[in-house]
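Written out below as structure tokens is the structure these notes cover.
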2 protein chains.
Amino acid sequence: MKKKPTSRDVAKKAGVSQTTVSLILNNRTDMTFPETTRRKVREAARELNYVPNQFARGLKTNQSRLIGLLLPTISNPYYQTLAQHIEEFAASKGYNILLCNTSRLADREESYISLLKSKSADGVIYTFAPLLPDKVRQVIPADRMVIFGENEQNLGFRTISLDSYKAGEIVAKYLIELGHKRIGFVTSPLSGFSLSRKSRLDGVIAAMKAAGLESGLVVKEGKDEKEINDSSFEIDIGFSLTEELLREHSVTAIIGVNDMVAFGALSHILRTDLRVPEDISVCGFDNIYLSRILKPHITTVDHYIADKARSAVEMIIASVEAEDDPSDRQMDTHDNMNGPMLIKRESTGPAPN
Amino acid sequence: MKKKPTSRDVAKKAGVSQTTVSLILNNRTDMTFPETTRRKVREAARELNYVPNQFARGLKTNQSRLIGLLLPTISNPYYQTLAQHIEEFAASKGYNILLCNTSRLADREESYISLLKSKSADGVIYTFAPLLPDKVRQVIPADRMVIFGENEQNLGFRTISLDSYKAGEIVAKYLIELGHKRIGFVTSPLSGFSLSRKSRLDGVIAAMKAAGLESGLVVKEGKDEKEINDSSFEIDIGFSLTEELLREHSVTAIIGVNDMVAFGALSHILRTDLRVPEDISVCGFDNIYLSRILKPHITTVDHYIADKARSAVEMIIASVEAEDDPSDRQMDTHDNMNGPMLIKRESTGPAPN
DNA sequence: TTGTATGCGTTATCAT
DNA sequence: ATGATAACGCATACAA
């Protein structure tokens, strides 16, 4: 590890003071330098391969340009895509992403929170409801924290909402319009972590009720969530619950609680005599990239994740920048955001008969 | 952003000096303290919610416990799984992952390299051949850099090899044993970035040649790589090239250059009258998690990615730790590692006739 | 316009 | 066994 050049080295080489180097390299507009000085400094920096030491800078400024991204797992197309969008937008703004995979384990979550504090992360994006909301509050300033997902329990954190309830309604209404009266809802466990699963189901129930079809809904819920780190678990759940469902009930449509579960359902159905969508319709949620790839293309609900990822990052950056200039302290008025949108594809059609 | 407590605050509260706090909280074994002092300090730290400031610590120690992970994209099951394994093992060792998505763009790669230097990253893991090897060499010390993948051009970087050539051989030999004589090789572009694609093909060619079946190989190569950031591109390539291939040639087996391409191939075949594997066999490379999920389960080659991810992280950590104690400077003797292994599944069978 | 001096919070050296 | 004190490299208030 050869020693790295410091701003003092650059200063010496350029024949100016270290202050001048700092000022010029930070492009400070409130100061003006002769073009020759600027050139000398930049050239010296380039020749020495100088890069400012973020430890030293951070010690002064207390900014890290680091955003912690907490995920239950990255082996899941939904989180993947989310991570990708967040990373891309953050990078475009000069912020970087520290990958924090919690596996939904409280102790991992806790150690990551401490880590983020000690690294003076400028912000934290949760992609699930915190397991330890009180701990988080102690450690992370409220305006540096955003939850990406459901907002139900209202813990007082800022939230980028996906409105899963409405998404559930939309899907159910669509199927009802197509004439479906007996619908199966297949889901990984509703208890515990994922609030969005429950919300989606609630939305479906509401729509069924509104159409007087309550009794036509069959819910099949998966059991334990032990293997949740690998999304193959969700496919398996979709597969086996659908098998069970079709053995016991005659439905004309199946809603998977997300696209992965829906794939599992589809995967079972394709092994039977049933045709999709002639005999049975299938749909999911999330519009993960696989849903426009795997055949038959699956009907699903899009959340405008890219836009929302952008908003999440923007909220944090706004707080960071408000630090210097406390004037524009406008918080989270992100209400005019796109709601969920149905993506109709091959896997759904009119009810048979 | 309320002010964070410093070790001095802890010292004041515990009634000791700041030095003592540092010594105790760092669990230094070369120093011994009365149990009462230790308790006082720890308690004060806990009560104040004290977390050491990494900027200050880093300034002194020049260690960040940060590893930069350079990926072309994370929207690809292969890189996903790799990232997951690397993150998990690194976290277990107290190291963290900075996500560096380059989209295979040279300027992004360059800015990430500078960033990693300025953040004093302890190491860098490339998951592809560097676009800017010279720049990397200038900025990242050789012993803090590991390439995960092919080693062909031998740029002088340490490498965790996947031995794609051998993987190609293994697959081809297996198909030949099953009696296949006319085999299609379907691939995304061979030029440019991905060395492993070419190596896989070379391995296949070698095996065919060895069996005197050279003329039985048909290679279909996809054109431009513009949409490579979304792995749907690879599925599309598999789909359309297979369509083309089957129109022009009669083969009894198709090798996809990776599992995604193989899925694309499969996806087309399932829309024809051909049965898999009775009429035609399909296989891929990488053993991504989808390959044991999607039906029919696809035959593929496993690389022991989890083990190798571990090795990559270990190599870096070893270098970091060798810094203090330059005695154990044993470098990359990771030769006794598992080679590629064939995973036989439903999508392959004996050649027809 | 440029340079000098100081301090950020830690770790580490050296006294005590 | 514990406490003063000096760096680490940068940004910045202030001096020139």
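So you know, we letter chains A, B, ... as the sequences are listed, proteins then strands, and number each from 1. Here the structure is a predicted model, which means the values were calculated and not measured. Excluded from the calculations below are hydrogen atoms, water molecules and symmetry mates; all remaining heavy atoms, backbone and side chain alike, are included.
Ranking C/dG9, D/dC10, D/dT2 by closeness to the A/Leu59 side chain, first place goes to C/dG9. For B/Ser17, counting side-chain heavy atoms from C-beta on, the closest listed nucleotide (C/dT2, D/dG3, D/dC10) is D/dG3. Proximity note for A/Phe33 (side chain, C-beta onward) versus D/dT2, C/dT1, C/dT10: the nearest is C/dT1.
With A/Gln138 contributing its side chain and B/Asn49 its backbone, the two residues share no donor-acceptor pair below 3.5 Å. Proximity of a side-chain donor or acceptor of B/Thr159 to a complementary backbone N or O of B/Ser161 within less than 3.5 Å is not detected.
Among residues at least two apart or in separate chains, salt bridge (charged side-chain N to carboxylate O under 4.0 Å, His left out) pairs with a member in residues 11-26 of chain A are A/Lys13-A/Glu47.
Residues A/Arg57 and A/Asn26 are in side-chain contact: their nearest non-hydrogen atoms beyond the backbone lie under 4.5 Å apart. The side-chain heavy atoms of A/Ile305 and A/Tyr78, taken from C-beta on, include a pair separated by under 4.5 Å.
In this structure, CZ of B/Phe55 is placed 17 Å from C1' of C/dT11, rounded to the nearest angstrom. Rounding to whole angstrom units, OH of residue A/Tyr50 and C1' of D/dG9 are separated by 8 Å. The nearest whole Å value for the distance from the NZ atom in A/Lys4 to the C1' atom in D/dC10 is 13 Å. The distance from atom CD1 of B/Ile24 to atom P of C/dT11 is 13 Å, rounded to the nearest whole Å. In this structure, CG of B/Asn62 is placed 13 Å from C1' of C/dT10, rounded to the nearest angstrom. Between the CZ atom of B/Arg57 and the C1' atom of D/dG9 there is a distance of 18 Å, given to the nearest Å. Remark: C1' of C/dC8 and CG of B/Asp9 are 13 Å apart, rounded to the nearest angstrom. To the nearest angstrom, C1' of D/dT2 lies 13 Å from CZ of B/Arg38.
Each end of the helix from C/dT1-D/dA16 to C/dT16-D/dA1 gets its own axis from five base pairs, and the two axes differ in direction by 40°, given to 10 degrees.
With hydrogens and angles left out, the side-chain atoms of A/Ser120 and B/Gln54 include no donor and acceptor closer than 3.5 Å.
Here A/Gln18 pairs with A/Ser7, A/Ala11, A/Ser22 under the side chain to side chain contact (heavy atoms under 4.5 Å, CB included) rule; sequence neighbours left out. Residues that satisfy the salt bridge (charged side-chain N to carboxylate O under 4.0 Å, His left out) test with B/Arg310, not counting sequence neighbours, are B/Glu314. For A/Leu132, the side chain to side chain contact (heavy atoms under 4.5 Å, CB included) partners two or more places apart in sequence, or in a different chain, are A/Ala106, A/Glu109, A/Glu110, A/Lys135.
Side-chain nitrogen and oxygen atoms of A/Thr20 include at least one within less than 4.0 Å of the OP1 or OP2 phosphate oxygen of C/dG3. For D/dG9, neither phosphate oxygen OP1 nor OP2 lies less than 4.0 angstrom from any side-chain nitrogen or oxygen of A/Arg8.
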Considering only nitrogen or oxygen atoms on both sides, find all protein atoms under 3.5 Å from nucleotides 12-16 of chain D and state each distance.
from, atom 1, to, atom 2, distance (Å)
D/dT12, OP2, A/Arg28, NH1, 2.9
D/dT12, O4, A/Thr19, OG1, 3.1

